[in-house]
Amino acid sequence: MQKMPAWAEVILVPLISLILAAFISALVILAIGENPWEALKLMVQGALGSTYGWGYTLYYATNFVFTGLAVAIAIHARLFNIGGEGQAMLGGVGVALVCLYMPWPHWTLALVAASLGAALAGAAWAAIPAFLQAKRGSHIVITTIMFNFIAAALLNYLLVGPMKPTGSMEPATTTFQPGTHLPTFQEMFSFGDQVLFRGTPANVSFFVAIAACVALWALIWRTRLGYEIRAFGHSEPAAKYAGINPTRIIMITMLISGGLAGMMAINNVMGEAERLVLNATEGAGFIGIAVALMGRSHPFGVFLAAILFGFLYQGGAELAFWTTIPRELIVVIQALVILFTGALDQMVRGPLERVFFAMRRPPKPDPRKVRTEATE
Amino acid sequence: MTQADDSMQAGTAADGTVPAIELKGISKAFGPVQANKDISIRVMPGTIHGIIGENGAGKSTLMSILYGFYKADAGEIWINGKQVQIPDSQAAIAAGIGMVFQHFKLVENFTVLENVVLGAEDSALLMPSLSRARRELKQLAEEYELNVEPDAKIEDIGVGMQQRVEILKALYRGADILILDEPTGVLTPAEADHLFRILEGLKAQGKTIILITHKLREIMDITDTVSVMRRGEMTATVKTAETNPTELAELMVGRKVLLQVEKDVAKPGARVLEVKDLHVTDDKGVERVKGVSFDVRAGEIVGIAGVAGNGQSELLEVLGGYEKARGTILVNGEPIDLTGAKSDGRSRRRRGIAHVPEDRQREGLIMDFAAWENVAFGYHDDPKYNRGILTDNAAIRADTEAKMKRFDVRPPNPALPAKSFSGGNQQKIVVAREIERNPDLLLVGQPTRGVDIGAIEFIHQQIVALRDEGKAVLLVSVELDEIMSLSDRIVVMFDGRIMGERLPSETDARELGLLMAGITDTDRPHDAAEVEAQLARAGGSAAKEV
């Protein structure tokens with residue numbers, strides 16, 4: 001069976017899903033008595049209409065790129081890592097350990113060290129479910145979910161106990177060492193009087209996220225390891241036949257996945273809060289699942305999907321601020337996008353495939369047939 | 001094809017009876033692929049009509065249309081002179097059509113009786129249906145030699161009997177027309193003979209039988225009329241008595257084919273593979289290989305014959321490095337690791353073992369990967385496929401293109417995913433990858449399963465060519481014909497043990513068939529029931545494998 005062209009698969013399917021989600025969202029907004037067109041304008045204006053809006057959109061997007069990539073690489077090995085949330089929390093602990101107790105001469109060094117710390121902590125958190133999956137056959141979906149709760153509890157313990165400064169009433173660490181401050185977009189892109197991205201949290205880790213996309217793309221499609229990961233993900237019996245060790249692939253993939261999720265902390269913990277607080281991840285680990293699904297587990301798709309979800313986050317916040325549309329409805333809109341792009345995309349793909357078949361229907365005269373007739 | 005028209009006319013005109021089945025101008029397309037093109041066929045009542053064709057010729061599609069699985073784009077179906085619509089299988093059953101699938105659709109832990117009744121219960125209470133079925137089963141068994149044990153569980157009976165249950169299911173539902181899709185694929189020769197006797201009996205009672213197969217011998221043995229399909233078209237319908245295997249093969253492939261492998265006498269050299277007292281236990285703790293010893297020399301092909309599920313697959317998996325075992329295996333005189341870190345496919349390849357696995361779609365290929373990615377599969381560590389830490393995709397593509405040309409893979413496009421090639425071309429990709437490694441030992445499992453005749457010929461030639469270069473080949477196949485024509489020595493396995501070793505020139509299908517059923521005193525005459533009992537004794541384990 002021939003499928004539709006690649007461009008339709010990659011662009012048209014998500015686009016139609018998105019339009020459907022937007023349409024249903026519009027109906028919901030209409031139902032509560034607001035104007036959907038105005039709402040859309042507000043969202044676009046608020047999220048993309050100014051460098052201020054972009055500063056937030058890209059900040060959120062950076063979080064989602066890391067968690068989205070984490071889910072994506074695991075999907076290539078047919079592992080469903082929904083522990084991005086917990087791994088990102090632990091990544092925060094890794095960043096905090098690097099940034100709290102050591103003086104750093106320059107932010108670049110601090111960034112490298114913090115990235116390593118975040119990745120190591122996230123990877124370590126993913127390593128336990130990975131080991132249980134590889135050696136004991138415990139389902140990774142179950143174990144990674146459970147590890148999210150354990151991570152939350154662990155973070156709680158650390159922030160009311162060992163990592164809390166004495167005398168403080170707040171479950172948070174002290175502010176990081178001054179040398180660990182990452183340049184924000186405001187500092188990077190404002191020249192003279194013209195201040196861009198004023199007061200927004202977008203920072204240099206956005207570029208780390210882009211680099212991670214490129215690196216992961218190369219890993220998946222240009223290295224032996226990526227080849228083995230994909231082979232394992234497509235067929236475990238075939239991987240065994242080829243001499244690919246399943247345990248090794250599960251462990252390595254989950255370490256990379258956990259590491260990527262953990263690296264989100266350089267954006268939200270190091271770049272924005274500059275200290276570790278409770279619930280720093282704000283559900284970005286779960287958004288990563290939707291981002292990876294919508295991005296078809298391709299790093300560039302993940303990047304685009306992350307921008308979209310960044311837009312939804314920031315646009316949604318603006319909407320809640322300026323209209324009577326309650327904050328909960330924003331979550332509904334986001335959920336609709338996830339539903340349509342992630343869960344229901346077969347609903348779009350099926351009819352679309354038929355449309356493409358219909359367009360191709362009149363087949364060329366079969367050259368073989370001509371030949372048979374000629375021989376008679 | 002005038003010949004076809006003549007015989008069809010003759011069929012109707014001679015006695016003036018109405019065809020049991022008449023298909024007129026059936027066409028069916030799947031997207032751009034035309035699976036059936038304007039197919040017309042008449043099947044006379046009380047005959048056995050064979051439909052033969054290569055894989056992908058459209059036989060199964062045609063039968064699926066007749067059985068209501070697919071809806072034809074165009075064309076008419078006439079049953080006993082009346083035009084009928086068959087939107088689903090219920091309608092097909094109502095029209096008196098029964099189908100026996102290649103892969104049985106039986107509930108393993110139900111009894112024979114329960115399986116027969118399943119879906120045809122007359123009332124909410126089960127007992128009346130069961131007792132009625134028991135009576136009918138008894139009657140059918142006597143009438144057609146369809147002896148089964150009504151209270152045996154499916155998982156405990158042999159494949160041959162399972163197939164009879166499928167036939168009974170169809171008859172119980174009142175089928176007058178029986179379609180059998182590749183029915184002998186899983187049977188020993190003795191079981192196949194038994195099946196053919198049943199079919200003869202059914203025919204004598206006036207039932208109409210359509211037999212789909214790719215085995216020419218079966219067509220010649222049992223059918224009255226045969227239709228040949230090629231590339232979605234019905235190329236000929238002839239009386240079996242008026243044709244011969246060579247002509248049919250030609251009609252199927254569209255060119256002349258060699259049905260026999262041409263090879264010189266083997267010149268065996270040093271022992272390449274020595275297997276000593278090998279035991280394999282599967283995950284469930286069942287011993288599948290029970291102390292097997294044999295060897296393969298350079299320059300010879302050793303064939304392992306056996307009904308599927310008698311330990312051959314496990315043997316290949318151990319040799320291929322993805323199953324643990326106890327015992328000793330020497331390759332070129334050096335032992336290979338059977339349990340430790342070096343018992344994996346990678347280490348085996350380094351020792352000069354190449355492996356064409358039994359199930360190419362599950363193991364040998366990654367169906368979603370492009371052809372070029374599959375050509376590197378298992379050999380992706382090879383320096384010529386890599387540049388530093390990155391893979392050299394251009395080099396792999398170039399190598400794939402060359403291999404595709406040498407092995408005549410069609411279409412020769414390295415970028416197409418493996419799943420879009422036909423079975424034969426998929427297998428050529430695997431064979432090209434493994435043979436061109438120039439291994440000391442080639443393991444080949446079911447090299448031509450689901451492969452069309454043209455490709456079979458080619459693949460056999462390649463295996464013989466490798467042998468002639470002085471390499472050792474171990475062949476595992478459930479196709480006895482293949483074993484007999486390709487092997488220089490034949491080892492028969494039954495229930496995890498070796499039953500005997502024969503030279504192809506000094507044995508025949510009958511003797512091998514008995515050995516495959518675990519009967520070693522092959523000089524004594526044996527009847528089918530004994531073979532059957534013996535096979536069933538070997539355990540449901542063997543049956544379940546298939």
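Below, read A as the first sequence line, B as the second, and so on, with proteins coming before strands; counting in each chain starts at 1. These numbers come from a predicted model, not from an experiment.
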Inset, instruction - Look at B:G232, B:P357, B:G364 and state which one has the largest set of heavy-atom pairs under 4.5 Å with chain A. - result: B:P357
Legend entry - Part of A:E236 within contact of chain B (heavy atom distance under 4.5 Å): neither
Inset, instruction - Go through A:K240, A:R224, A:R354 and name the one with the most non-hydrogen pairs under 4.5 angstrom from chain B. - result: A:R224
Inset, instruction - Verify, without hydrogens or angle tests, whether A:S235 (side chain) and B:R362 (backbone) share a donor-acceptor contact under 3.5 angstrom. - result: yes
Legend entry - chain A contacts, top residue of B:R346, B:Q361, B:E317 (heavy-atom pairs, under 4.5 Å): B:R346
Legend entry - Donor-acceptor pair, side chain of B:Y322 and main chain of A:P237, under 3.5 angstrom: no
Legend entry - Exam field: side chain A:T223 to backbone B:L390, donor-acceptor pair closer than 3.5 Å: no
Inset, instruction - Could you tell me the separation between the OH atom of A:Y227 and the CG atom of B:N386, rounded to the nearest 0.5 Å? - result: 10.5 Å
Legend entry - B:R348 to A:Y241 six-membered ring, cation-pi geometry met (6.0 Å, 45°): no
Legend entry - A:L219 portion near chain B, given a 4.5 angstrom heavy-atom threshold: neither
Inset, instruction - Name the option with the most non-hydrogen atom pairs under 4.5 Å to chain A; the candidates are B:D344, B:T391, B:I366. - result: B:T391
Inset, instruction - Hey, can you tell me if A:H234 and B:F369 have their rings parallel, tilted or perpendicular (30° and 60° cut-offs)? - result: perpendicular
Inset, instruction - Pick one of side chain, backbone, both or neither for A:R230, based on which atoms fall under 4.5 Å of a heavy atom in chain B. - result: both
